[in-house]
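Within every chain, numbering begins at 1; the chains are lettered A, B, ... in the order of the sequence lines, protein sequences first and strands thereafter. These numbers come from a predicted model, not from an experiment.
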Amino acid sequence: MNALFWILAAVAWCFALHGATRSSTVWAEADRSRGFWVTLLVVFNALLLIPYLVGVFPRIVGAERQAAQNPFSKRARR
Amino acid sequence: MTYAFATLRTQDDNDSSMFPAFSGPSDPYVFELQPDDGTHVTQFVATALKVHELRTKKTLLSLRDIKGQCFLTDARFVFCCEKYDKGGGWVGFGGLGAAVAITANAVSKARAAHRRKGKMLAGQVRYQWLAQVGGSTKMGMLDSEQLRLVVADGTRSDHPLLLVDLTLPKATDSAAVAQELVRRSSRFRLAHDVIEDGDRAEFERLTAAPRIASEKGKFGMHVVPRYWLAKASTSRLPVSA
């Protein structure tokens with residue numbers, strides 16, 4: 001049980017790291033708060049993994065595709 | 001009908017002269033495209049909107065933490081926000097407080113969703129209404145990327161200049177958005193409006209306007225030489241005298 005908890009916690013922290021490294025444009029496009037979700041994932045890790053995977057992660061992935069087409073992105077203009 | 005850049009629209013509001021109309025189920029965007037809009041529509045996101053009067057500094061509309069969809073078409077700038085009222089905001093401390101806050105937030109968000117049903121906050125600046133446009137680049141921790149459009153409300157007798165400030169995500173280049181907006185606006189005016197010879201050279205220069213870098217906390221503005229007051233009678237070009 002203890003080992004399972006730490007595995008889920010590690011997965012949650014990986015998702016937190018993934019979320020923290022997405023641009024503000026992606027989070028705005030996904031209509032979710034980066035500070036809120038990354039903080040919750042770091043603090044409550046395994047407990048919030050499923051809500052994050054269901055309600056946030058798919059939006060982030062979709063938003064990333066959308067944001068890649070943004071012609072006004074600073075990254076695209078470099 | 002007064003013009004304050006954006007207003008609440010329902011499915012029944014079909015007239016898009018002053019504000020955008022809802023699109024049909026087969027349309028690609030949330031607002032209804034018109035023939036003038038062309039096919040080259042560029043889209044980006046804004047996270048806050050503030051509309052205020054230049055002279056009186058009175059705030060007409062202010063929204064934060066939103067997902068506002070912004071579109072540049074060949075004829076206008078369009079802003080649409082479906083989740084303009086989110087509800088929530090309850091905070092609780094301790095076990096009981098947290099439980100109360102979670103419940104209150106759930107109820108508040110459900111009620112907000114019910115209030116929003118079938119409505120969206122929508123606004124537009126037709127290119128003939130655009131007086132100035134500029135961007136303010138994020139340079140410090142407390143700054144944000146901002147886009148400012150200036151338009152004159154023609155529905156009121158004193159024709160106040162309205163400042164439409166949109167906050168963009170920090171990865172979006174507001175100066176590039178302003179540059180594209182003024183270029184499209186100038187091309188549209190040259191193609192559809194009656195331009196006096198004295199202004200033609202300036203409009204032609206603006207079709208290839210450079211990117212104006214802003215100073216910290218200020219906007220780098222493009223100024224359009226001549227513009228129409230925002231009202232229903234000027235929503236179609238050429239405007240009959």
Shortest non-hydrogen contact from A:Ala28 to B:Lys67?
O-CG, 3.4 Å
Give a yes or no answer on whether the side chain of A:Lys74 reaches the backbone of B:Asp173 with a donor-acceptor pair at less than 3.5 Å.
no
Are more than 12 heavy atoms, taken from residues, nucleotides or ligands other than B:Lys83, located less than 6.0 Å from that residue's NZ atom?
yes
If you count the non-hydrogen atoms of other residues, nucleotides and ligands that lie under 6.0 Å from NZ in B:Lys117, is the total more than 12?
no
Minimum-distance pair of heavy atoms, taken over all atoms of A:Asp31 and B:Ile66
OD1-C, 4.5 Å
Inspect the surroundings of CD1 in A:Ile50 and state if more than 12 heavy atoms from other residues, nucleotides or ligands are less than 6.0 Å away.
no
Going by side chain to side chain contact (heavy atoms under 4.5 Å, CB included), A:Pro71 matches just one of B:Thr42, B:Leu72, B:Thr172. Which one?
B:Thr42
Tell me, for B:Glu145 versus chain A, whether the close heavy atoms (under 4.5 Å) come from the side chain, the backbone, both or neither.
side chain
With a 4.5 Å heavy-atom cut-off, do A:Phe72 and B:Leu147 have their side chains touching?
no
